[in-house]
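Lettering of chains follows the sequences in order, A, B, ..., and the numbering in each one begins at 1. Bear in mind the structure is a predicted one, so any value in this text is a computation, not a measurement.
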4 protein chains.
Amino acid sequence: MPDSKPPQARRGAVCPADLAARYRAVRAQTEWLCEPLAIEDHVLQCVPDASPTRWHLAHTTWFFERFLLQENINGYVPVDEQFYFLFNSYYQALGPMHARASRGQLSRPTVVEILAYRAEVDARLVRFLDEADADTCRRIAPLLELGCNHEQQHQELMLTDLKVNLSHNPLLPAYRALAPAETATPPVQTWVAFEGGIHTIGTDGPGFFYDNEGPRHDVLLQPYALASRLVTNGEFLEFVSEGGYRRPEFWLDLGMARVRAEDWTQPLYWFERDGQWMDYTLGGARPLALAAPISHLSYFEADAYARWAGLRLPTEAEWEVAARGLPQTGNLLDARRFAPQVAAAKPGLQQMFGDVWEWTSSAYAAYPRYRPAPGAVGEYNGKFMCNQYVLRGGSLATLGEHIRATYRNFFPPEARWQFSGLRLAKDA
Amino acid sequence: MPDSKPPQARRGAVCPADLAARYRAVRAQTEWLCEPLAIEDHVLQCVPDASPTRWHLAHTTWFFERFLLQENINGYVPVDEQFYFLFNSYYQALGPMHARASRGQLSRPTVVEILAYRAEVDARLVRFLDEADADTCRRIAPLLELGCNHEQQHQELMLTDLKVNLSHNPLLPAYRALAPAETATPPVQTWVAFEGGIHTIGTDGPGFFYDNEGPRHDVLLQPYALASRLVTNGEFLEFVSEGGYRRPEFWLDLGMARVRAEDWTQPLYWFERDGQWMDYTLGGARPLALAAPISHLSYFEADAYARWAGLRLPTEAEWEVAARGLPQTGNLLDARRFAPQVAAAKPGLQQMFGDVWEWTSSAYAAYPRYRPAPGAVGEYNGKFMCNQYVLRGGSLATLGEHIRATYRNFFPPEARWQFSGLRLAKDA
Amino acid sequence: MPDSKPPQARRGAVCPADLAARYRAVRAQTEWLCEPLAIEDHVLQCVPDASPTRWHLAHTTWFFERFLLQENINGYVPVDEQFYFLFNSYYQALGPMHARASRGQLSRPTVVEILAYRAEVDARLVRFLDEADADTCRRIAPLLELGCNHEQQHQELMLTDLKVNLSHNPLLPAYRALAPAETATPPVQTWVAFEGGIHTIGTDGPGFFYDNEGPRHDVLLQPYALASRLVTNGEFLEFVSEGGYRRPEFWLDLGMARVRAEDWTQPLYWFERDGQWMDYTLGGARPLALAAPISHLSYFEADAYARWAGLRLPTEAEWEVAARGLPQTGNLLDARRFAPQVAAAKPGLQQMFGDVWEWTSSAYAAYPRYRPAPGAVGEYNGKFMCNQYVLRGGSLATLGEHIRATYRNFFPPEARWQFSGLRLAKDA
Amino acid sequence: MPDSKPPQARRGAVCPADLAARYRAVRAQTEWLCEPLAIEDHVLQCVPDASPTRWHLAHTTWFFERFLLQENINGYVPVDEQFYFLFNSYYQALGPMHARASRGQLSRPTVVEILAYRAEVDARLVRFLDEADADTCRRIAPLLELGCNHEQQHQELMLTDLKVNLSHNPLLPAYRALAPAETATPPVQTWVAFEGGIHTIGTDGPGFFYDNEGPRHDVLLQPYALASRLVTNGEFLEFVSEGGYRRPEFWLDLGMARVRAEDWTQPLYWFERDGQWMDYTLGGARPLALAAPISHLSYFEADAYARWAGLRLPTEAEWEVAARGLPQTGNLLDARRFAPQVAAAKPGLQQMFGDVWEWTSSAYAAYPRYRPAPGAVGEYNGKFMCNQYVLRGGSLATLGEHIRATYRNFFPPEARWQFSGLRLAKDA
């Protein structure tokens, strides 16, 4: 859009213009993800963990309205006060909220009304930025950035939640058409060794980071090696074929119990049709892509596979030390592939970023001297540090600008609906 | 639509034209009921019993396609073979079916696609009627009529299911705007007495009837009396106010257990706001209409109320003997009131048809020498004759042409989401 | 114990001596049933329905203490006030009670302590009878008789509950050694026909009866016939072998759902070992006795079998009219056989009393003009008249003096742990 | 027992006599714990986690029979082959087992029969030791020691399981009479500081240790301090009184969810009676001992308390480094106090061993280069390393010879039925 006025002509606009630009770009990306959807698709919640798309659209908006507008504008009047109840996710300090498992029980506000809610908050927020003084800008910039990162996280969840919700339909609908699966043979898996000793992990900035990534601190490692690439569907199929899901010697006790209780016999989206292994993907059902990385593993399955292979998962510190110097590139959401891709036949660690999140053996816990942020926003991370395991590296559904070596994702060990796989590790 | 061609011009049209006309009218009524809905509303299933509107639209269509077209056209090719699985409700003889409780887990086919499915089956069916010979017409006419009655039953369910599904939304959306509640005082309840002895109930025709309404047979009654009108909200409120939901002496054991397990403290849609009793209606939340009949009672609640009042529910035979000679008029769906109305101040039995279904004390069971219809359609009624109670008289959501004195509706004793209330009875 | 004093020497003993004698005999019978048990056996409650033996011993005692001693002795001090809470079963009018499903969570009072409780209440009750005046005797005699009948009911439950509790032990322990199963061929099943018309059923006395057996009233029957004997294990095995448990066409909808949810593939205690059908009996596991009556059927299974056989269950009125003139003899608890026996090869109806309770197609409901007894004892029967079906005729675990033609037993349609089977019926 | 024969007279006795002596002592201790119990008490299992006493008696015996006798005696014939199924706990490599949650569904073998089983295995084992050659002795000694330690662990579980099982009885029975609670004021809590840097934790022996205690390895700590004593009931009562259980800001998300789902309002065994706080102890109900350490906390409660206090739990490495040089004395099972005791008013760390297990913030995980033992016995620890937290220091129910500074106990964060409390920590 051509604009001949010089920047200084925007009177009162003391916030850097790229704040609003960044905000707009993040918001637009969210809406772009919904383009292929039918209205009906926005409503589904087939499992408690997988929120409806309409909820994601509204909740990310609520985050900006509630944390930024409400807290920084005197006498602020909400777009709709009931949305404060409906679209709060889990911030207890902000009052009661609609039950998570009931998000799929709502048809109103409709998608159109939610998009109008988004537009209204966008307008108010941009106006607010436009009118803010320099102090205010400095003060709210970190929160705005947190809100943008928050929305990017939900972009990934929109895809994983949508996938699991659509998968309950016997018609197995496609989210969008994908490129055909690659048929290349994956490169041989080799080992990349690392030295033991004291290493430093975590971050205190500069640049955006979540509170759980800090403080930066020393850790003591023993010598170790990481596999050069992710485990593939074909490799995991061997585990399945050798009765892996029926042999307790490979499983954690809770894992085996889950396998039996839910009758797991293969990864979440695999199924057999006419003697062929099929995979439900964002492009619908298609033959299992043997050369591509395995996805949608729980921690239990990743751990059992590693044990079957006589190896182990990396710790999160081992992973981070290895990733620290690498370029943050890979099959990320920016590539718009929407499916894991076969590793490149290159020396060194491949696929560290993108494709699938990599389970580590590290229970999700606070780093030494960790302090959650004060106020309601302090509920973002800390209160979830129990019975979850850390995943690293991002996936095909993660934006490149959102991921980094210190980034800690986390899910319960039974979670299978994320784009999650594994890289093997061993003692050196 | 003016049509100057004489009827005989429709060559081959040997089926009476009113068969197709009736079919079209029933189908149009279904779609009319959906007019006020947002697309999102069609998807909800908040409790296993309450199917999504989109499912009702499709299932009623499936009934005609599967029972009529498929069985009567050689080499018939279904509109979509997968719909035979998706939209079969419970006819085991026709093969496997999608699980009832999972109907809300589907967003596809979309509403638009389902409406196209309806249109396609409509076209095929009318063409089939158009081309059928006289024998075929005679043979399929009862099944067509069954399909029409089946769809009318689902019209009522569409409203009851929609109401319970929308009620899970804290916004309490309205289905459509209603006329304001009447504020008149209800007429005094009086008693209408009936003689004992041998009476005949049930029907063998002529005219359409469900198999569970026959055979016509004799029953032996003792003298009894029925209340002149339905129990009102105001009367039921006394029961609530006197601690009725906490006093086991009025309740069946299973009823008290249900009250406690689900924490019932008043009828399903009642709630208190600022010290006032409110009622969630098809027009949204509004102050409780004290003079209007109580609705949405379970059998447990109706039975407990009657016991509290020192009276009892009628048996279905008592109800039918009393209703047999009365005009089948009342506050039915045809009136488009969508809410129970205050009884008229007239002598004799009022409100026998319409307003709310009336619970009877009769367990739903086969009449003597009852035989289900042969084939899959025999699953329509007979297999449900267990742990359900009979309701009589239709409701505000029942079409006038669909109800009659011999009509037997039935629900489990804990069911509250129907338009169901009660009329008191006593021994005479 | 010889006692040379003349009866008149018992000063004040105005209650008929046989009241106390009857009481003592009933109590002794209960304790005799426990003789083969280990202390540990008294504690088990493996399913909510099957109370521990120690609870039955205490609850039957509580019934006499609470309803008779407490209500008739001024200033009565309970043996242990806490027992009023612990051993009340379901009499809400008497205050709160220990949860039914938690009865197996108690080890105290111990069996020895409960036997001491029994002895103490026995002593108090006999003393009370000894000292009561004539008016009191007349007044309390019906309640004493109710208490005796109540205890006899629990004698049967002690056996059925014990059996299901022991059956959860992989060792399949025997309650006591049984005579070997008969190997005779059962007599051919024939039909005994009855006329339609008005019959009278139910009772108003004289003699003890439960309130649910009255009032005596007329019923209108159509001509019918009953099978001459009970269905045998061998006959039921045919149903199993022909895939009966997998064929929905024979089942009520709720029945099929239960079959699938609980994976029923044969009657409760049947299992296969080395290719042979075995049956867990009160004598432990033994080969299935093909000629003996089938036992431990739910209503669902009895009904499905009848439908498979092209026949039906009798109504309770049909059964009672047929049973009314017959001698109340059979394989009852008095015979101490503890297993169903092969029918005699005699003309007329066999096995109407004893062996197994016979499911009828009648939902358990109040007879016309039924009134429960006033007070807490009115909770004995009436409040259970919902979602249960009537069984008739008693079983191998019923005392002969406890059963009669008008006796109405009742259980939910899914109940399998009673000694329950079926006799076929048909329209004539 | 006087024995005049010189030791060398025991021909063939090449195993050190103290092996058998130790075995006998451990076994006798188990049986001593049962002395106060009624037979009925041995049967209870009121929650799936709390196994019946009779099961513990049998399972510990099975461990010796199955791992030691069966594996080391050619042609060994089990005492009862069915016990291999009944009394295996979780060793999948040894075949199927009776379901854990169903252990309370068994009354046979009876307690007397189980004691006979114990005696028979004892006799066989002592005979085996008596006859074993030196090589065999050396080989089996570690396994025998493991079995003894295993039985000691079950001794503690017998007490914790019994306590929770008896607590379901409204009579609140006492296990045995306890000394009256101390009323002394607890000493002021002070801080003991420790330096950061590289420390070594874990053990590779000598002396018995569980595989999860090794390998010995270096850890990197930051400076920290531990509280001088355990948190008391009185201190925890402040948290309760200030609404601690209702304030989400102190709780992990899973913790708050558990609090709400199970309606926790205070520690497990606390209750109010007549306005006074009571505590259910092994000596029955008694007024809460304010000066004594709080017990029966879940990790969730311990963590919430620490957060409320503005402090934190120690890591397991911090605890071990602090405990390493301390004498392993305290209020342990040897003291036969059966209740936590008030801390001594002495300088330095008090109560590090005994009283209650101390929750640490460390998720239970493998130490670097951990390898489970080969074979079935390798299932002892490793497979439970998921969703559990480490506790340190032993409790009033732990034998002094069983505990040590490197000992790692572990339970899920919601577990409350152990003798578990907390010691505060902070960064220094």
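- Few gaps surround CD on Glu262(B); more than 12 heavy atoms of other groups in view lie less than 6.0 Å from it.
- Taking both residues in full, the closest heavy atoms of Arg108(A) and Pro36(B) are given as NH2-O, 4.5 Å, listed atom of the first, atom of the second, then distance.
- Interface residue Leu171(A): backbone and side-chain heavy atoms are both found under 4.5 Å from chain B.
- By number of non-hydrogen pairs under 4.5 angstrom with chain B, the leading residue of Ile39(A), Leu37(A), Leu166(A), Val112(A) is Ile39(A).
- For the pair His98(B) and Pro170(A), the tightest heavy-atom approach, listed with the atom from each and the gap, is CD2-CG, 3.9 Å.
- When heavy atoms are compared at a cutoff of 4.5 Å, Gln105(B) approaches chain A by way of both its backbone and its side chain.
- In terms of heavy-atom pairs under 4.5 angstrom with chain B, the leader among Arg54(A), Gln45(A), His168(A), His42(A) is His168(A).
- No more than 12 heavy atoms of other residues, nucleotides or ligands lie within 6.0 Å of CD in Glu81(B), so this atom counts as exposed by the packing criterion.
- Side-chain contact check for Glu40(B) versus Leu106(A): every heavy-atom pair is 4.5 Å or farther apart.
- Residues Ser107(B) and Asp41(A) approach most closely at OG-OD1, 2.5 Å, considering heavy atoms.
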